[in-house]
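All chains are named by letter (A, B, ...) in the order of the sequence lines, taking the proteins before the strands, and each is independently numbered beginning at 1.
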Amino acid sequence: MSSQPSLVHARGLTKRYANGFTAVDGVDFDVRPGKAFGFLGPNGAGKTSTMRMIACSSPVTEGTLSVIGMDPRTQAREIKAKLGVVPQIDNLDTELSVRENLEMYARYFDIPREVASKRTDELLEFVQLDERAKDRVEPLSGGMKRRLTIARALINDPDLVILDEPTTGLDPQARHLLWERLYQLKRRGATLIITTHYMDEAEQLCDHLVVMDKAKIVAEGSPRQLIDDHATREVLELRFTDATRAALNGKLDGLADRIEELPDRHLLYTDNGEHTLEQVNQRQIPIESALVRRASMEDVFLRLTGRSLVE
Amino acid sequence: MTTLAASGHVWQRNWLVYKRLWYRSLAFGFLQPVLFLTAMGIGIGALLSTDDLTAFGGVPYIDWLGPGLLSAMAMQTATFESTYPIMNKIMWGRNYEAMLSTPLGVRSIVIGELAWMAFRIGSLAAIFLMVLTAFGITRSPLAILAVPVAMLIGTSFAACLVAFTATQKNDVGFSAIFRFVVNPLFLFSGTFFPLTQLPDALQAIAWATPLFHGVQLVRGLVLSDLNLAAAPLHLAYLLVMLGVGVVLADRNLRRRMAG
Amino acid sequence: MTTLSQPASNGALATAWARVWRSRRLVERNIMVYRHQWIIILSGVFEPIFYLVGIGLGLGAIISEVPLANGQVVPYAAFVAPALVATAAMNGAVFETIFNVFFKLNYAKTYDGVLATPMGITEIALGELLWALMRATLYAVAMFVIMFFMGLILSPLGVLMIPAALLVAAAFAAAGLAGTSFLRTVNDFDVPMGLIVMPMFLFSGTFFPIEVLPSWLVSVIQLTPLYHGISLIRGLSTGIVGFEQLLSLFYLVAFFAICLWIAMRQIERRLIK
Ligand SMILES: Nc1ncnc2c1ncn2[C@@H]1O[C@H](COP(=O)(O)OP(=O)(O)O)[C@@H](O)[C@H]1O
Ligand SMILES: [Mg+2]
């Protein structure tokens with residue numbers, strides 16, 4: 001495992017903006033070839049800043065960063081030639097049509113016209129936009145724009161694809177289509193770096209996850225590993241009426257490994273949810289509703305950052 | 001809600017936006033005539049002999065030019081205000097869509113916008129007139145009537161151009177309007193030189209264009225030598241243009257917002 | 001991509017050249033955009049022509065003759081026309097670099113997408129410059145042709161008006177690029193257009209010899225780029241060239257270099273965070 005060369009190698013990577021704000025504070029990570037690497041973290045954690053440094057569009061303030069064996073400080077153009085980038089906010093060329101967006105982008109990579117044209121056809125079909133090829137970009141729906149941005153990121157047949165919140169704001173259909181496309185990409189051997197707000201996405205797509213909070217990495221591992229390390233097997237979700245809730249003081253103590261109090265419900269982390277529910281009933285605490293479920297990345301997330309992910 | 005009251009809201013909305021930058025708009029409204037009069041009036045004036053000036057009715061070139069520029073300013077301001085900003089409210093910013101989901105109707109929008117432009121152009125014309133007076137160009141207190149005439153010139157153009165803008169899918173057509181309509185009118189409506197210098201055919205065309213009539217009125221009022229026989233004709237031309245423009249603007253904007 | 005992977009031993013010069021050469025991609029992009037909007041570019045050709053006919057001939061019918069600095073007298077139209085070549089070059093360059101680049105920089109975020117590719121800041125700045133230069137050249141050449149057929153070019157040196165117009169265009173394109181990066185909202189356009197471009201258009205000796213103005217104002221005008229652009233081009237068209245034209249040439253070259261330097265720095269500052 002560790003003998004494999006890493007495609008992105010970061011040690012003590014730091015980003016400090018002109019206003020003095022440190023958005024990324026000495027993080028270490030390695031992205032292995034052919035894997036999908038995910039960054040999780042609440043808004044403002046520093047995910048985008050990290051991604052932008054990898055994509056050579058934001059200068060590294062301190063630390064080491066190597067991307068595909070090259071140094072972004074001196075070889076930005078060479079690195080960018082091998083990257084595909086899907087930024088958090090679409091920056092498609094609004095003055096060009098769908099098709100022209102891809103063809104023109106290919107030209108920036110010095111891809112010959114005929115090759116560009118052929119690849120454009122393939123990619124438009126890949127993201128199911130072939131019927132909109134002649135349309136302007138502006139009237140496309142959010143999901144279509146996102147798909148076009150993804151197609152654009154693939155125009156140079158990149159070794160590494162960087163996707164910053166590729167599915168935020170999409171409807172479920174569009175999300176699933178994108179997942180499928182990303183999955184295909186991975187199967188073809190591309191390396192992916194993804195940030196996301198969606199736990200299910202992280203669990204499904206990523207081989208390796210990093211959780212960031214307040215500019216630092218707070219946990220790292222495969223999705224399963226993270227759940228094992230930072231959550232219990234099951235979670236009991238309890239809802240109470242406001243009156244019960246107000247009079248609760250300490251009545252739940254000792255019932256679970258850990259209790260998380262959210263605005264609308266309580267989460268009890270335990271290895272056996274049914275058993276814990278019985279104990280709650282024994283203590284004669286009136287419950288409005290109860291739900292036992294397996295622990296997920298969402299719980300890991302809450303545990304690690306003390307916050308709900310989607311704000 | 002009456003149409004008039006409703007168009008008052010449209011006016012007011014523009015005022016809220018303008019309020020933040022009014023001083024800037026007025027400062028440039030002051031600067032432009034000063035620069036033009038100094039450069040063209042004095043510079044070109046120096047190239048003209050007393051003999052040459054007979055072509056300008058015997059008045060100094062700067063006096064002859066000043067009122068022409070005032071009229072042209074009314075046209076140019078109207079053109080700018082009724083292209084990009086209106087397009088923005090139709091398409092890019094979708095303000096009209098939001099307005100129409102309230103009790104406001106298309107007619108109130110058209111009237112409100114035109115009233116707004118009349119106000120803007122009126123304020124700029126007043127400043128322009130003050131500059132003309134400072135340069136010693138105005139001949140009588142009646143020159144104050146040049147302000148409402150400038151407002152009429154402006155709204156006549158604005159109404160027709162709102163009608164045009166309402167039919168456009170993007171802003172490409174605007175540069176054609178600026179280059180092929182506004183610019184030639186600016187240069188060939190008796191603003192910089194008397195039309196008598198033009199070949200007869202061109203003179204006839206110039207006579208048929210709106211800015212020429214506006215220039216004649218404003219110049220007559222400012223220099224106090226209004227041709228009272230021709231004045232009603234000039235006035236009627238602009239009023240008809242305004243009327244036709246309003247009807248077309250209302251119709252086109254209605255169609256646009258419906259489909 | 002061969003240009004990219006050239007060994008470092010090829011030196012800084014090769015790298016620099018690769019960047020300059022790659023900047024043509026941005027020109028390609030702009031051509032792609034204007035394929036649907038050619039009327040915007042083409043209509044600009046008519047602006048100086050209208051001015052030439054309107055002012056040069058219209059007023060020229062009354063003014064008839066203008067004395068030049070050396071005392072020689074030329075027809076008014078022959079006086080105005082070369083100045084309009086310079087202003088056409090200026091307008092073409094400035095419209096493209098101020099309005100369009102502002103839009104791409106602040107609203108369309110076009111360059112953010114471009115920067116994710118092997119294109120860098122140098123390529124973007126030079127690409128826009130090159131494109132503005134092409135547009136301005138079209139206008140200047142059109143005016144040149146009209147002048148030729150109207151018999152307004154008084155000297156064989158007149159052929160040099162075209163390279164001179166290119167220099168004027170380059171100077172203003174660089175200045176526009178530098179200036180636009182300081183603007184924050186569309187309302188700010190008033191400042192470069194109303195306070196710089198329009199006054200220069202009026203006062204740089206376009207329509208009358210500036211000597212009639214107060215001497216302090218003349219001194220101020222002589223510090224501005226359009227004055228030198230007009231002085232150079234009018235000198236070539238009338239065949240009256242001397243030390244003053246040489247000075248204008250140097251002024252424009254220096255102005256270009258300084259503005260380009262500022263533009264690169266500013267664009268980098270705006271795009272790289
Ligand atoms: N250009 C910038 N200048 C100053 N601060 C910035 C800049 N860009 C981002 N930040 C700040 O850096 C922090 C991290 O932002 P970002 O990397 O976008 O986080 P994430 O993608 O995880 O939401 C935020 O607090 C943000 O406000
Ligand atoms: Mg982000």
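- With a 4.5 angstrom heavy-atom cutoff, B:N183 touches chain C only via side-chain atoms.
- Only the side chain of B:F188 comes within contact range of chain C, with heavy atoms under 4.5 Å apart.
- For B:F178, no part sits under 4.5 Å from any heavy atom of chain C, backbone or side chain.
- Taking 4.5 Å as the limit, some side-chain heavy atom of C:D188 sits within range of a side-chain heavy atom of B:R24.
- Considering every non-hydrogen atom in both C:I62 and B:D52, the closest pair reads O-OD1, 3.3 Å.
- No other option in C:I55, C:L42, C:I210, C:L213 has as many heavy-atom pairs under 4.5 Å with chain B as C:I55.
- For a residue to count as touching a neighbouring chain, one of its non-hydrogen atoms must lie under 4.5 Å from one of that chain's; by this rule C:V80 does not touch chain B.
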Which is it for C:Y51 and B:F186 under the side-chain contact (heavy atoms from CB on, under 4.5 Å) test, yes or no, and what are the steps along the way? CA-CA 10 Å; C:Y51 268 93; B:F186 176 59; 3.5 Å; yes
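- By number of non-hydrogen pairs under 4.5 angstrom with chain C, the leading residue of B:T38, B:N170, B:D51, B:L35 is B:L35.
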For B:F180 and C:I39, run side-chain contact (heavy atoms from CB on, under 4.5 Å): C-alpha distance rounded to whole Å, both residues' side-chain angles, the deciding distance at 0.1 Å, then the answer. CA-CA 11 Å; B:F180 295 128; C:I39 185 82; 4.3 Å; yes
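- Side-chain contact between C:Y107 and B:W92 is absent, with no heavy-atom pair separated by less than 4.5 Å.
- For B:F135, the CZ atom counts as densely surrounded, since its 6.0 Å shell holds more than 12 non-hydrogen atoms of other residues, nucleotides or ligands.
- Between chain B and the residues C:V53, C:D190, C:T206, C:L57, the largest count of heavy-atom pairs under 4.5 Å involves C:D190.
- Counting all heavy atoms, side chain and backbone alike, C:V212 lies closest to B:G43 at CG2-CA, 3.9 Å.
- Among all heavy-atom pairs drawn from C:A61 and B:Q197, the shortest one is CB-OE1, 3.3 Å.
- When each of B:S175, B:A39, B:S25 is scored by its heavy-atom pairs under 4.5 Å with chain C, the top score falls to B:A39.
- When the candidates B:V172, B:L48, B:L195 are compared by the number of heavy-atom contacts under 4.5 Å with chain C, B:V172 comes out ahead.
- The closest side-chain heavy-atom distance from B:I42 to C:F208 is not below 4.5 Å.
- In this structure, the portion of B:L31 lying under 4.5 Å from any heavy atom of chain C is its side chain and not its backbone.
- Side-chain contact check for C:M198 versus B:F36: some heavy-atom pair is nearer than 4.5 Å.
- Using a 4.5 Å cut-off between heavy atoms, B:L198 does not touch chain C at all.
- C:L59 approaches B:F56 most closely through the heavy-atom pair CD2-CZ, 4.0 Å.
- When heavy atoms are compared at a cutoff of 4.5 Å, C:F50 approaches chain B by way of both its backbone and its side chain.
- For C:Y76, the part sitting under 4.5 Å from any heavy atom of chain B is the side chain, from C-beta outward, and nothing else.
- Both the backbone and the side chain of C:L195 come within contact range of chain B, judged by heavy atoms closer than 4.5 Å.
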